[in-house]
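Everything below concerns the one structure shown next.
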Amino acid sequence: MKAATRLASALPSIPSATGGIARLASGRLRDAQIELAPILSAAGLTIDDIEDRKRRIDARAQIRLLELAARELQDDCFGFHLAQGFELGEIGLLYYVMASSEHLVDALQIVGRYCAINNEGVRLRTSLEHGVAIRFEYVNIDRSLDRHHAEFWLIALVRICRALTDGRLVAKQIKLKHYRQETPLDVRSHLGCEIEFAADRDELLFPSQIGTLPVVGADLHLNKMLLQYADQALNDRASRRTSVRSRVEDQIAQLLPHGKANAEEVARRLGMSRRTLARALSSEGVGFSNVLEALRIALARHYLEEAERPISEIAWLLGYSEISSFSHAFVRWTGLTPRAYRSSNGVR
């Protein structure tokens, strides 16, 4: 029962993202003529994940991909560099809501409210207590495993603030939690200041007066309409958490270790017939077997990142009576054995 509880609690801890950063990184790898499929597989992604722009991906897989891409491209500042070259409009709805706001502080408060639309694994908070402070916090993601993704966010935030105000804003202070010996020269030149690494938080601090700067091209009528779309998008994300699929996932997670994760038992627990369950899932565009396999894949990756957890226990938690059965399934999903996956992700 204790293991089942751990499984159930792990389910909501898999935040998703639109995958825009992962697609930018994949583009750089392709430009360098580096074979993409093995790197994506090591990150827990597929070519379809990247090519289908409507598909959301595991936010942690996006972080892993950036670390792997940096290694392949031999670019120790990959996150910094990746964020400097993309079109801000690729951010999508969230950027256009910000760009139509009246003042910069309005735009920053908007991104704090709606950032989960783009990435459920990062929460932005804006404080006006000691200047204009923009802090980003990770949600159900191990911050210690990330470097390039956080550096991408930093540069992207600075670029957005500069674009919205049409000025070269320079922060009073920048802090990042991960370690670097010093701020790279080209990064310092771009930012106009040093970065304090190994800090207690991830934060950009601007002078107080920048908050009242007007947003160039502000359109309050357009902003009002876009906010309605953003509210709907945010509600869609929330409703996804209470969908039939999510309820089925909750039940599967509890049943997997006992070998009872089948459609009949899940339907019984949800108080419906198997046929009714199939219709309900079909209305959401999925089938039971698809949900079962997708959840197994996500949880397998999640557990393999926990270095102290034996592979034999992972196999049991996922409903496999033999390690070999789990290994064969994992190779089919990712192209790697469980041990190779752990090694490729730096788990020790």
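Note that the structure is a prediction, hence the values are computed from the model and not measured.
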message = Check this for me: R274, atom CZ, are more than 12 non-hydrogen atoms of other residues, nucleotides or ligands nearer than 6.0 Å?
response = no
request  = Could you tell me the separation between the SG atom of C161 and the CG atom of L204, rounded to the nearest 0.5 Å?
outcome  = 7.0 Å
ask   = What's the shortest heavy-atom distance between R64 and G44, and which atoms?
value = NH2-CA, 4.4 Å
ask   = If every non-hydrogen atom of C193 is compared with every non-hydrogen atom of V170, which pair is closest and at what distance?
value = CB-CG1, 4.4 Å
query = Nearest heavy-atom pair of S208 and G131: which atoms, and what distance?
reply = OG-CA, 3.3 Å
message = Counting C-beta onward and ignoring hydrogens, is there a side-chain heavy-atom pair between R279 and T276 closer than 4.5 Å?
response = yes
query = With a 4.5 Å heavy-atom cut-off, do H103 and L213 have their side chains touching?
reply = no
task = Indicate yes or no for a side-chain donor-acceptor contact from R60 to the backbone of S16 under 3.5 Å, with no hydrogens or angles considered.
result = no
key: Contacts of F86 that satisfy ring pair (Phe, Tyr, Trp, His ring centres under 6.0 Å) - sequence neighbours left out   = F152
inquiry  = Please check this pair: side chain of R162 against backbone of G167, looking for a donor-acceptor N/O pair closer than 3.5 Å.
reply    = no
message = Can a side-chain donor-acceptor contact be found between Y320 and H328 if the only test is distance below 3.5 angstrom?
response = no
query = Out of curiosity, L169 CG to L104 CG, how far, rounded to the nearest 0.5 Å?
reply = 7.0 Å
same_hphob_cluster(V331, I311) at 4.5 Å side-chain heavy-atom cutoff = no
inquiry  = Just checking E322: does its CD atom have more than 12 heavy atoms from other residues, nucleotides or ligands closer to it than 6.0 angstrom?
reply    = no
query = Side-chain contact, heavy-atom cut-off 4.5 Å: L270 with L277?
reply = yes
ask   = Yes or no on side-chain hydrogen bond (donor to acceptor under 3.5 Å, both in side chains) for H81 and D186, after CA distance, side-chain angles and deciding distance?
value = CA-CA 9 Å; H81 297 153; D186 62 326; 2.8 Å; yes
key: Hydrophobic cluster identity match, L227 and Y229, side-chain contacts under 4.5 Å   = yes
ask   = Does any N or O in the side chain of R159 come within less than 3.5 Å of the main-chain N or O of A83, such that one atom is a donor and the other an acceptor?
value = yes
key: Main-chain N/O of D231 paired to N235 side chain as donor or acceptor, under 3.5 Å   = yes
request  = Name all pairs fulfilling the side chain to side chain donor-acceptor pair (under 3.5 Å) condition that reach into residues 91-100, sequence neighbours left out, sorted by first residue then second.
outcome  = S100-N223
message = Regarding E194 and T183, do their side chains bring together a donor and an acceptor under 3.5 Å, going by distance alone?
response = yes
key: Side-chain donor/acceptor of N119 to backbone N/O of A116, under 3.5 Å   = no
message = Would you compute the distance between atom CD of Q209 and atom OG1 of T212 and round it to the nearest 0.5 angstrom?
response = 7.5 Å
note = Contacts of D52 meeting salt bridge (Lys or Arg N to Asp or Glu O under 4.0 Å) (sequence neighbours excluded), chain-then-number -> R55
inquiry  = More than 12 heavy atoms of other residues, nucleotides or ligands under 6.0 Å from CZ of R275: yes or no?
reply    = no
remark   = Residues at least two apart in sequence or cross-chain that pass salt bridge (Lys or Arg N to Asp or Glu O under 4.0 Å) with R180, listed by chain then number, are D76, E151
query = Hey, what do you get for CD (E196) to CD (Q173), rounding to the nearest 0.5 Å?
reply = 6.0 Å
message = In this structure, would L128 and L205 fall into the same cluster of hydrophobic residues linked by side-chain contacts under 4.5 Å?
response = no
task = Not counting sequence neighbours, which residues clear ring pair (Phe, Tyr, Trp, His ring centres under 6.0 Å) with F330? List them please.
result = F326, Y341
Candidate pair I155 and L191, rule side chain to side chain contact (heavy atoms under 4.5 Å, CB included), full reasoning = CA-CA 8 Å; I155 297 296; L191 294 173; 3.7 Å; yes
note = Tightest non-hydrogen contact, residues H190 and R168, listed as O-NH2, 3.0 Å
message = Quick one: does any side-chain atom of D146 pair with a main-chain N or O of I63 as donor and acceptor, under 3.5 Å?
response = no
inquiry  = For C115, is there any backbone N or O sitting under 3.5 Å from a side-chain donor or acceptor partner on N118?
reply    = no
task = Using modelled atom types only, decide if a donor and an acceptor are shared between the side chain of R23 and the backbone of I50 within a distance under 3.5 Å.
result = yes
ask   = Do any N or O atoms from the side chain of R342 and from the backbone of E306 form a donor-acceptor pair under 3.5 angstrom?
value = yes
query = Excluding sequence neighbours, so at least two apart, what forms ring pair (Phe, Tyr, Trp, His ring centres under 6.0 Å) with F197?
reply = H178
ask   = Going hydrophobic residue to hydrophobic residue with side-chain gaps under 4.5 angstrom, can you get from L226 over to V216?
value = no
request  = Side-chain contact test, heavy atoms from C-beta onward, threshold under 4.5 Å: evaluate it for I21 versus L82 and give yes or no.
outcome  = yes
note = Exactly one candidate in K175, K177, R143 meets side-chain hydrogen bond (donor to acceptor under 3.5 Å, both in side chains) with D202; the answer is R143
ask   = Side chain of E102, backbone of L220: donor and acceptor closer than 3.5 Å?
value = no
Other residues, nucleotides, ligands: >12 heavy atoms within 6.0 Å of E264 CD = no
request  = Supply the atom-to-atom distance I134 CD1 to L124 CG, rounded to the nearest 0.5 angstrom.
outcome  = 8.0 Å
key: Test salt bridge (Lys or Arg N to Asp or Glu O under 4.0 Å) applied to E305 and R301, step by step   = CA-CA 6 Å; E305 290 161 21; R301 291 167 176 161; over 6 Å; no
note = Closest non-hydrogen contact found for A22 with L65 is O-CD2, 3.5 Å
inquiry  = With no hydrogens and no angle check, just 3.5 Å: does a side-chain donor-acceptor pair link T46 and D49?
reply    = yes
key: Smallest separation among heavy atoms of L24 and E90, with atom names   = CD2-OE1, 3.6 Å
key: Shared hydrophobic cluster for M225 and L93 (ILVMFWY, side-chain gaps under 4.5 Å)   = yes
remark   = dist I314:CD1 -> S327:OG (nearest 0.5 Å) comes out at 10.0 Å
